[in-house]
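Counting starts at 1 for both ligands and their atoms, in listed order.
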Amino acid sequence: MRIKEINLIKNKIESLRKEIDRLNHSYYALSKPEVSDFEYDIKLKELEALEAEHPEYFDPNSPTQRVGSDISKNFVQVEHIYPMLSLSNTYSEEEIRDFYIRTEKSLNEDFDIVCELKYDGTSISLTYENGILVRAVTRGDGIRGDDVTANVRTIKSIPLKLQGSDYPPQFEIRGEILMPWKVFDDLNKERAEADEPLFANPRNAAAGTLKLQNPAIVSSRKLDSYLYYLLGENLSVDGHYENLQKAKSWGFKISEAMKKCNTLEEVFEFINYWDKERRNLPVATDGIVLKINSARQQLNLGRTAKSPRWAIAYKFQAEQAETRLNSVDFQVGRTGNVTPVANLEPVLLSGTIVKRASLHNADIIRNFSVHIGDMCYVEKGGEIIPKITGVNKEARFLIGQKVEFITNCPACGTKLVREEGEAAYYCPNHFGCEPQIKGMIEHFVSRKAMYINIGEETVNQFYKAGLIKNAADLYAIKAEDIMKLERWAEKSAGNFVESVRNSLQVPYERTLYALGIRYVGETVAKKLAYAFPNIDILMNASFEKLIAVDEIGEVIAKGLIDYFSIESNRILVERLKSYGVRFALDEAVLAEKTDILNGLTFVISGTFLLHSRDEYKALIEKNGGKNSGSVSAKTDYILAGENMGPAKLEKARKLGIKIISEEEFLKMI
Ligand code: IVH
């Protein structure tokens, strides 16, 4: 190729990169799209094609690299250059006044306070060198955090390469990684359909996503960010506010909701405005942060061990709405627990319409002395399910019927019972109560259990048609039986039968989980399967034998004893066995299992060459050992790879814990 042509291509690639970076910035950081998605995609595809043809121009900071690779890696711990402190919290105007007076006295000169929103996500520290993002680290314990650079690089509002040229050669900027409400709601909907556990709030979802091992999945989760604190030795400007405005010009997403105030009145005005207006924001906020603007004054004010004296957070009250109680339903779950649910006059609460809320339990209903027609306070705290937090008795004009907890099961009429010391009532008719039967079967077929390809609706349909009364009946269903039912045809019926047949391959630890025994979740089921390699041994294990197993406590043991003491449950297990459902550990797994590491606790740290971290974890468990996440006096060995965190190393040395390498560990087993 001629030199001229090469230059043309190189220039084209560079100009496309620049342009797409700019479009990303307008779209993600400024929320002002410049072109349609279609036009954007064309440019991105063009760049992808050119880069594919000319790998010699590869640049890890190209906008095409944002999707994240598939390489999985464990996180390396990195020490923060400046510790990541937290803020002291206040909940009243009084405390803000105190903060102001305290600052006035200490500084003895005029000062500005910057008011900002307190974003409710997970904090991040970004380091830039010569305008390039080189590292992204989580808060961790404030001293050290996880290096999550690969994941953060997929977040489109975070520049990989800065704009302009007046940025310091090296600096750190901190901020919050957020999952917008809309993304959070969609993600949870998807997870509910896939029968995966839901995230309680966008904060947990964002933090969980940042810790995923696969950047491509992180990329698909559409995280966002706001940066709110610039740090470095060589910042040219003294003002925090001014620094953030500069950072904005370099391409960072800086909140518009920020004000430099000189008086307390201005501060309160900001708080009152955003306390209401924040409900219209696309991301979660939980308060206001006040910061003294001048870096010189910040230095003067100093810090305590935990937080700076130049900043304070004012937390909003949990969002509350007041609405009328129309009726109360009592829902029966798969284990028979009865939960009271309030049907409300629809009301807007943090951006969504709320029609139903939890009324907790019998004791709380009694304490509230709530009546139908009452005006109730509803809150959406950290949880997704809103709850009733009180009754506005002053707004009671006509008194409706008093809400009483029911005495009999709303589904089957059986008298409810309550375990001593527990708040919940439950229906003991586990085998004759429709919602319990259906709930148990839904659990049995779910993805993490037997993974039989049907959902709630089909379970209901089969139940109504008299085809299933318990999980074992699924194995007796023939394609002809269901082809007669509505919505079914030969092909779909065949698929269903095949999916049931495939479930016979599901290993013992999952079939154990599928039974839906109280307190036996996935992890407990695994522990039990290793300790009691077939169901007969488990069924006949005594209470003492059960609690002798690591991490099996009295509550779980009692759950198991209760379950197997019921004859119908034993019959169910026998029937499932007769159809070929696996109730014994795989021979191969059994053969590899040893008790060489019995009674030993391991902490795994660092990155490994010969096996992955998860493989080492499994090896430890298979050989009778126990994994733990943190080093303590109970730790026997640290299995150390490369880049083991220095904090762990130090602690291990202090406690005299043996540190072994991969090779040494493998020899051991
Ligand atoms: S400044 C030393 N500004 O709140 C001050 N923090 O408890 C550093 N946060 O860990 C923090 N919005 O995750 C600051 N506008 C804001 C913030 C903010 C949210 C979080 C941050 C921090 C925590 C403090």
Who pairs with E95 by salt bridge (charged side-chain N to carboxylate O under 4.0 Å, His left out), at least two apart in sequence or on another chain? none
In terms of the angle between their ring planes, are F111 and Y100 parallel, tilted or perpendicular, with boundaries placed at 30° and 60°? tilted
How would you list, by chain and number, every residue that makes a salt bridge (charged side-chain N to carboxylate O under 4.0 Å, His left out) with R653, sequence neighbours excluded? none
Contacts of K222 that satisfy salt bridge (charged side-chain N to carboxylate O under 4.0 Å, His left out) - sequence neighbours left out: none
Is it true that E176 and K253 make a salt bridge, defined as a side-chain N closer than 4.0 Å to a carboxylate O? no
Select all protein residues for which some heavy-atom-to-ligand 1 distance is less than 4.0 Å, and list them by chain and number. S86, L87, E116, L117, K118, Y119, S123, E176, Y228, V289, K291, P308
Taking all non-hydrogen atoms of both residues into account, name the closest pair between A247 and I173 and its distance. CB-CD1, 3.9 Å
